[in-house]
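Please read the structure below before turning to the comments.
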Amino acid sequence: MKALIVVDIQNDFCEGGSLAVKNAASIIPIANRVISYFAKNNDFIVATMDWHPSNHKSFAKNSNGIVGELGTLNNLPQIWWPEHCVQESFGADFHPNLIKIENIIYKGTNPEIDSYSGFFDNGKLKNTELLNLLKANNISELFVLGLATDYCVKYTVLDALELGFKVSVIEDGCKGVNLSSEDSFKALKEMEKKGAKIIKSDDLI
Ligand code: VGL
Ligand code: ZN
């Protein structure tokens, strides 16, 4: 069985948000088309949400860091982010134009460690319920889209491949942060090298 994973299409990652990804909202019609297609076929759909407490240490202001610079958190390299996706805030909400998704996985809830992947935190210390949910629904093949190509999409896809899923990334359904201009391109290449198929929504529907 196959499933669609919709990664972090939240207000703070879209235009006007605190960690806005350039042209993020342009993926929403594509995401909605793919969500509708999966829904019509009764295929499984799950969304992830970046869901930080306000004292999260990935926020520059909570770690004496400078936004966009690299530091260390929990012995791991950490980019300092602006405050974003604070639990229950408008910025953490799904973009209002995104079709409503019932199954939601929350990540980044531990203030001490960041969590890009929908499956595990960045230190793989704890897992979310995503793997259990996919197993319970007999899912072996994943289609992934969302924000951001170079962070949460990338790490979700790499973990999914390691866990043995067949994974396709819907390229036109993703946008990246691109702290360096090539980051999204490199992320897609790395996902492909590790076994993901890079597809376009038109190849699917
Ligand atoms: C993300 C940076 C910080 C993402 C989340 O969803 O890609 N990026 N937190
Ligand atoms: Zn975050």
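Numbers here simply count residues along the sequence, with the first being 1. Each ligand, and each atom within it, is numbered from 1 in the order the structure gives.
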> Any sub-3.5 Å donor-acceptor pair from Ser63's side-chain atoms to Ala60's backbone N or O?
Replying inline: no

>> Counting backbone and side-chain atoms alike, is an N, O or S atom of Asp50 positioned under 2.8 Å from the Zn ion (ligand 2)?
In response: yes

> Any idea which atoms of ligand 1 are less than 4.0 Å away from a heavy-atom of Asp8?
Replying inline: 4 (C), 6 (O)

>> Are any of the N/O atoms on His52, whether in the backbone or the side chain, positioned under 3.5 angstrom from an N/O atom of ligand 1?
In response: no

> Is the Zn ion (ligand 2) under 2.8 Å from any N, O or S atom of His84?
Replying inline: yes

>> In this structure, does ligand 1 have an atom that sits under 4.0 Å from one of the heavy atoms of His84?
In response: yes

>> Quick check on contacts: which atoms of ligand 1 are under 4.0 angstrom from a heavy atom of Asp50?
In response: 5 (C), 9 (N)

> Going by the order shown, which atoms of ligand 1 are within less than 4.0 Å of some heavy atom of Leu147?
Replying inline: 6 (O), 7 (O)

> Which atoms form the tightest heavy-atom contact between Gly176 and Thr149, and what is the distance?
Replying inline: N-OG1, 3.2 Å

>> Show me which atoms of ligand 1 lie under 4.0 Å from any heavy atom of Ala148.
In response: 4 (C), 6 (O), 7 (O)

> So does Cys85 have any N/O/S atom less than 2.8 Å away from the Zn ion (ligand 2)?
Replying inline: no

> Aromatic rings His84 and His52: how do their planes relate, parallel, tilted or perpendicular, breaks at 30° and 60°?
Replying inline: perpendicular

> Looking only at protein heavy atoms, which one is nearest to atom 8 (N) of ligand 1, and how far off is it?
Replying inline: Tyr151 CB, 3.8 Å

>> Please report whether the ring centroid of Phe38 lies less than 6.0 Å from that of Phe143.
In response: yes

>> Can you tell me how the ring of Phe59 sits relative to the ring of His56, calling it parallel under 30°, perpendicular over 60° and tilted otherwise?
In response: tilted

>> Run the side-chain hydrogen bond (donor to acceptor under 3.5 Å, both in side chains) test on Asp114 and Gln78 for me, step by step, so that the C-alpha distance in whole Å, both residues' side-chain angles and the decisive distance to 0.1 Å come before the verdict.
In response: CA-CA 8 Å; Asp114 214 352; Gln78 175 69 50; 2.9 Å; yes

> Less than 4.0 Å between a side-chain N and a carboxylate O, is that true for Lys2 and Glu141?
Replying inline: no

> Short question: side chain of Asp12, backbone of Gly17 - any donor-acceptor pair under 3.5 Å?
Replying inline: no

> In ligand 1, which numbered atoms sit nearer than 4.0 Å to a non-hydrogen atom of Cys152?
Replying inline: 1 (C), 4 (C), 5 (C), 6 (O), 7 (O)

